There are 2 protein chains.
Amino acid sequence: MAIYKFSPEQAGTNQPLSSNLFSRLQTDILTGKIRSGEKLTEQKICEQYSVSRTPVREALRQLETDGLVESIPNRGAYVIGLSQQDIEDMYQLRKIYEIQAVRWAVERITDEELDQLEETFEFMEFYTMKCDKEKMLNINTHFHQLIYSASHNRMLSHMLASYQIYIKHIRTTPKNDDEYLRIVFDEHRAIFNAIKARDAEAGARAMEVHMDNSKARSLPQK
Amino acid sequence: MAIYKFSPEQAGTNQPLSSNLFSRLQTDILTGKIRSGEKLTEQKICEQYSVSRTPVREALRQLETDGLVESIPNRGAYVIGLSQQDIEDMYQLRKIYEIQAVRWAVERITDEELDQLEETFEFMEFYTMKCDKEKMLNINTHFHQLIYSASHNRMLSHMLASYQIYIKHIRTTPKNDDEYLRIVFDEHRAIFNAIKARDAEAGARAMEVHMDNSKARSLPQK
DNA sequence: AGCCTTATAATTGTATACAAGTATTCAATT
DNA sequence: AATTGAATACTTGTATACAATTATAAGGCT
């Protein structure tokens with residue numbers, strides 16, 4: 001797995017992910033543009049996204065293994081989507097692994113990885129000050145992914161990365177952007193400081209707080 | 001999700017899973033028939049498995065989202081496979097979620113689900129006595145899946161089900177089959193009794209023991 | 001009217017054909 | 001000898017054609 005240098009300039013544009021059909025369909029399901037229970041007829045998708053059936057079928061198979069679509073042989077594919085319950089469940093599950101990731105990261109992080117994390121953390125601070133919410137979304141994702149890498153557990157990285165895709169679309173916009181950004185930054189600072197101080201318990205606690213708050217922020221009534 | 005009646009008669013035959021190309025490739029990668037790092041040329045797979053390129057590409061995309069294959073655009077697909085480290089990591093991660101599954105199952109299991117679990121448990125006892133290792137593999141998987149269902153957490157079920165696919169192929173054969181089956185049965189009994197008694201702590205402890213032993217049993221030196 | 005049978009249409013599964021991009025070969029040049 | 005460049009072969013990406021299966025509709029029967 002190639003580790004690429006993170007460039008905040010490029011971070012704001014969420015173009016790369018939505019380039020292929022799989023990601024586009026994933027986005028449209030998670031944002032509710034395609035409704036849960038809907039039947040995905042191959043021909044319809046072909047017309048709607050202006051592609052032929054081959055890439056459509058490939059995308060459907062990917063959605064199937066991802067659990068967003070149920071494919072019945074010779075019958076077709078049906079959207080499963082995420083219920084509010086699913087989302088809450090996911091946050092609960094994600095929390096468990098995120099905490100574990102921090103613990104392992106504290107134990108196993110290399111000096112180079114810590115430098116990268118610090119660099120990203122400083123970008124976070126900068127764009128929090130600038131209140132650039134668009135860029136912050138990507139930097140936040142990157143910050144978490146660096147922790148996954150630092151845990152040196154390929155399986156864990158893979159699992160948490162798959163959660164991130166969901167999270168990215170679920171996030172609701174709170175009323176006060178500036179305050180929201182500052183609070184999230186403070187939570188990330190607590191995590192970063194704990195990792196830098198190689199304090200696993202503090203890291204776990206900080207991540208737990210961050211996860212509980214993230215879940216609360218994702219709820220519609222907030 | 002349709003819950004099907006478990007039939008132990010059908011359980012011994014591991015034919016259903018390997019029916020489609022995706023599962024066949026998955027099996028061949030996990031059993032080492034296809035080696036890690038190997039390039040999967042579409043044409044080669046076509047010839048080797050006697051199918052055309054369309055189903056091959058679909059299978060490759062599924063393997064990609066599963067994390068068993070890395071697909072580089074316009075270049076091809078490369079097998080990632082599982083290292084010994086990956087397997088150990090997976091057991092560690094699986095353990096965390098299996099314990100959580102038991103806790104939730106204790107809280108949320110319905111009477112009907114408990115009946116199903118008991119029925120499956122009794123089949124386990126029967127085939128343990130008969131030392132039918134082939135059938136036991138599938139019954140064990142089914143036993144765990146019933147616990148996932150009883151946790152009433154679709155995400156958790158999905159995650160743990162994906163681990164099961166790996167586990168199924170990783171299991172190494174210990175020296176003494178009869179003793180092995182008896183020990184595994186005892187571990188499962190402890191889990192079942194705890195769930196039936198609605199004792200979350202006892203269930204968690206029993207599952208932890210089962211997971212630690214499973215991991216130890218999967219190691220080659222055992 | 002309700003139900004079964006049968007014919008037709010629509011959809012999925014598979015194979016193949018063409019387009020676009022990538023890797024390889026080999027000669028020409030420095 | 002090493003390197004560059006063009007031509008060729010190979011591989012992936014996409015579109016389309018045909019086969020197999022399933023859904024739909026119409027007509028006949030009780």
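Owing to the predicted nature of the structure, the values given are computational and were not obtained by experimental measurement. The basis for the numbers below is simple: all heavy atoms, side chains too, and nothing from hydrogens, waters or symmetry mates. Per chain, numbering begins at 1; letters A, B, ... match sequence-line order.
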Could you tell me which residues satisfy side-chain hydrogen bond (donor to acceptor under 3.5 Å, both in side chains) with [X], sequence neighbours excluded, listed by chain and number?
| X | answer |
| --- | --- |
| A/Glu98 | A/Arg94, A/His144, A/Tyr148 |
| B/Asp132 | none |
| A/Asp89 | A/Gln85 |

Exercise for review: Take nucleotides 8-16 of chain C nucleotide by nucleotide from the 5' end and write B, S or -, depending on whether a protein heavy atom sits under 4.0 Å from the base, only from the sugar-phosphate, or from neither.
Suggested key: ---SBBBBB

Practice item. State which residues pass salt bridge (charged side-chain N to carboxylate O under 4.0 Å, His left out) with A/Asp111; sequence neighbours excluded, sorted by chain then number. Key: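 With neighbours one apart ignored, the set is A/Arg198.
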
Exercise for review: Not counting sequence neighbours, list each pair that qualifies as a side-chain hydrogen bond (donor to acceptor under 3.5 Å, both in side chains) and has a residue in residues 28-41 of chain B.
Suggested key: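 Qualifying pairs: B/Asp28-B/Tyr49.
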
Point to revise | Rounded distance (Å) that lies between atom C1' of D/dG13 and atom CG of B/Leu60 | key: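 It is 13 Å, rounded to the nearest whole Å.
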
